[in-house]
Amino acid sequence: MEILYEGKGKNLCPNTPMDARKFARTKTRALVDKTMPLEEAVEKFVLDGEYIAIGGFGHIRIPMATIYEIVRQRKKNLTVAGHTAVQDIDVLMAGNCVIGVEIAYVVGFELRGLSGVQRRQFESGNVKMTDYTNGSMSFRLRAGVQGIPFIPVNVMLGTDTMRNSPGKVVKCPFTGKKVLLLPSLNPDILIMHAHRADKYGNCQIDGHIVKDDLQARASKKIIVTCEEIVDTEVIRSNPQNTVVPYFMVDAVIEQKWGSHPGNMPYRYYFDNKFTQDYLTAGRDEDPTVIEKWLDEWVYSLDNFDQYLKKLGEDRLQGLVDLEFLRGGA
Amino acid sequence: MTIYTVSELMCVVAARQLEDNKSVAVGTGLPMAAAMLAQQTHAPNLLINFEAGGVAPQLPTLPISVGDSRTIHKALMATTLVDIMDIISRGYVDYAFLGGAQIDKYGNLNSTMIGDNYNIPKVRFPGSGGANDFGSLAWETMIIMDRHSPRRFVEKVDFITTPGYLDGPGSREEWGLFEGTGPSRVITDLCLFDFDPKTKVMRLSQTHPGISIDDVKKATGFEIKIADEVGVNEPPTEEDLRILHEVIDPNGMIFPKKV
């Protein structure tokens with residue numbers, strides 16, 4: 001196949017589909033209890049230098065309890081799939097855990113504006129960037145699942161998004177037209193937050209799945225937090241709702257409110273004030289302001305339950321009212 | 001006489017570009033509000049899609065994110081991001097509705113960075129999100145840009161995030177993008193542009209009330225085409241404003257509340 005154009009970006013994920021496939025062979029197919037404390041799961045499965053995928057959509061159904069724990073354990077040199085990354089990646093970057101990002105959407109908090117933490121780190125040149133798009137990141141995962149080394153796509157063509165990616169434009173051997181080839185993607189680990197799971201790791205999500213299904217199938221390891229752990233009979237009575245089956249999952253943790261301050265569809269809405277205060281701290285020119293925020297909400301606390309206690313039950317219940325459009329939005 | 005702000009006017013003009021019985025994929029902010037307003041006024045059958053997986057929701061109020069709970073409120077389908085991209089790719093989405101930081105005469109959009117070194121940007125913006133996918137795959141791309149000035153309407157954008165007509169007529173097709181796609185409208189705080197069919201250059205189609213052709217020329221950093229007859233956009237009606245403030249954005253997230 002004739003290569004007509006080569007992008008100058010780097011593929012920041014070293015895994016091949018064969019690596020992921022071989023890893024899958026080592027995982028048990030037995031129904032074993034995978035529940036464990038979140039501290040243990042992060043210690044065991046999130047390793048310095050790994051490539052991490054995050055479930056949900058940046059500030060919706062994000063695994064914040066796991067994010068905080070990664071920061072608390074001061075994990076280092078992570079590369080992150082910014083397949084729309086908002087509050088999740090921001091806290092990881094504030095905690096200096098990140099050295100590279102494959103970007104579809106970062107820095108922005110949508111209607112709330114831009115992040116000071118991310119701008120500082122990206123604009124200093126200290127964090128490696130490779131730009132993609134939301135669609136193309138999903139297409140790459142699809143290739144990783146399928147076990148093929150690259151995937152032809154018809155987005156990004158002709159743009160600087162393409163020029164700064166590792167994509168290669170080739171002449172289609174069937175039609176003679178140009179197509180863009182992008183490398184497949186198999187992350188080391190997916191961290192995700194589900195509505196419910198059983199102790200074996202069968203996960204169900206209510207509402208939009210976003211990309212957790214593809215990420216789960218492409219990634220080598222998975223840590224699942226969920227709003228509630230349910231009996232396997234609950235899963236078996238509605239198996240069509242299972243998004244991730246148990247044999248892909250390595251750790252399961254029940255963590256109610258685990259997406260706070262993110263929005264958990266059908267459970268609770270954004271904690272806007274919390275996110276605004278966080279953004280304000282991150283935008284301060286004095287970098288000790290965000291460090292103090294991390295001290296207060298992450299480092300000085302032993303775990304996510306202490307964080308929830310600090311927030312208080314009333315505040316959390318208010319987010320349920322917002323979700324169900326009771327008393328304003 | 002109705003009193004309105006320029007962002008309300010932009011939203012109303014944008015909404016009017018969306019035809020009934022068509023479908024749109026929207027970005028955050030004004031594009032979402034415009035699609036909601038269209039649905040509440042002249043286009044009740046407008047199908048609204050969100051990139052995180054919301055299809056045809058009954059939006060109760062303006063979402064903060066293109067993925068939040070509101071985007072699947074009483075929706076007809078809650079699906080995946082890649083499914084939305086596939087739906088657009090298959091030709092079911094008529095309009096992509098986007099914003100950006102910079103735009104050039106061919107409608108190429110920058111939402112990635114300001115500066116000349118990709119690795120050390122002067123200002124880093126969010127990047128494509130789904131914008132490049134939408135702008136590559138949807139039939140028509142509509143763009144909302146506020147703060148119309150020579151700094152934002154430039155001869156050459158610092159970074160082409162999302163394809164307009166790239167280098168001009170035929171360029172999209174030459175790169176292998178779908179035939180018959182590309183930007184069709186740009187709504188700014190001064191005017192409404194379409195694109196000259198022959199040159200694919202942005203063409204002044206209508207000005208906002210009180211804005212002259214010369215005002216638009218001065219605010220634009222490249223040479224625009226000008227339609228044979230340049231009309232004036234109708235201001236928002238009282239009913240438009242009521243819907244914007246009472247239904248779409250009661251908390252004043254993008255349209256500050258009136259005092």
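In what follows, chains are A, B, ... by sequence order, proteins preceding strands, each numbered from 1.
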Undergrad: Say whether A:Q204 and A:R196, considering side chains only, have a donor N or O and an acceptor N or O under 3.5 Å apart.
TA: yes
Undergrad: Non-hydrogen atoms of chain B under 4.5 Å away: do they reach the side chain of A:F270, the backbone, both or neither?
TA: side chain
Undergrad: Would you mind checking if B:R124 and A:E123 are paired as a salt bridge, meaning a charged N to carboxylate O distance below 4.0 Å?
TA: no
Undergrad: Heavy-atom distances under 4.5 Å only: say whether A:L214 touches chain B with side chain, backbone, both or neither.
TA: side chain
Undergrad: What I want to find out is whether B:R90 reaches B:D86 closely enough, with some N-O distance under 4.0 Å, to be called a salt bridge.
TA: no
Undergrad: Are the side chain of A:H83 and the backbone of A:N134 linked by a donor-acceptor contact shorter than 3.5 Å?
TA: yes
Undergrad: Tell me, out of A:I103, A:I209, A:D131, who's got the most heavy-atom pairs with chain B below 4.5 Å.
TA: A:D131
Undergrad: Side chain, backbone, both or neither: which part of A:V179 has a non-hydrogen atom closer than 4.5 Å to chain B?
TA: neither
Undergrad: Side chain from CB out, backbone as N, CA, C, O: work out which of these in B:V123 comes under 4.5 Å of a heavy atom of chain A, or both, or neither.
TA: both
Undergrad: Is it the side chain or the backbone of A:E323 that comes within 4.5 Å of chain B heavy atoms, both, or neither?
TA: both
Undergrad: Answer yes or no: is there an ion pair linking A:D212 with A:R61, defined by an N-O contact shorter than 4.0 Å?
TA: yes
Undergrad: Where on B:F125 is there a heavy atom nearer than 4.5 Å to chain A: the side chain, the backbone, both, or neither?
TA: both
Undergrad: Let me know if B:P121 has heavy atoms under 4.5 Å from chain A in its side chain, its backbone, both or neither.
TA: both
Undergrad: For atom CZ of B:R151, is the number of surrounding heavy atoms from other residues, nucleotides or ligands below 6.0 Å larger than 12?
TA: no
Undergrad: Checking B:I88 against chain A: side chain, backbone, both or neither under 4.5 Å from a heavy atom?
TA: neither
Undergrad: Report which part of A:V169 has an atom under 4.5 Å of a heavy atom belonging to chain B: side chain, backbone, both, or neither.
TA: side chain
Undergrad: Which atoms of B:I72 come close to chain A, meaning under 4.5 Å heavy atom to heavy atom: side chain ones, backbone ones, both, or neither?
TA: both
Undergrad: Roughly how far, to the nearest 0.5 Å, is OG of B:S184 from CH2 of B:W139?
TA: 13.5 Å
Undergrad: Under 4.5 Å from any heavy atom of chain A, what part of B:D167 do you find: side chain, backbone, both or neither?
TA: neither
Undergrad: Checking A:M162 against chain B: side chain, backbone, both or neither under 4.5 Å from a heavy atom?
TA: side chain
Undergrad: Chain B: which of A:G262, A:G56, A:G158, A:S138 shares the most heavy-atom pairs with it under 4.5 Å?
TA: A:G158
Undergrad: Under 4.5 Å heavy-atom distance to chain B, tell me which part of A:L111 shows up: side chain, backbone, both or neither.
TA: both
Undergrad: Between A:E110 and B:S65, does any side-chain donor sit less than 3.5 Å from a side-chain acceptor?
TA: yes
Undergrad: Select one option (side chain, backbone, both, neither) describing which atoms of B:E174 are under 4.5 Å from chain A's heavy atoms.
TA: both
Undergrad: Verify ring pair (Phe, Tyr, Trp, His ring centres under 6.0 Å) between B:H148 and B:F153, making sure each step is shown before the conclusion.
TA: CA-CA 7 Å; B:H148 189 152; B:F153 285 71; 4.0 Å; yes
Undergrad: Which atoms of A:D206 come close to chain B, meaning under 4.5 Å heavy atom to heavy atom: side chain ones, backbone ones, both, or neither?
TA: neither
Undergrad: Can B:D158 and B:K122 be counted as an ion pair, charged N to O under 4.0 angstrom?
TA: no
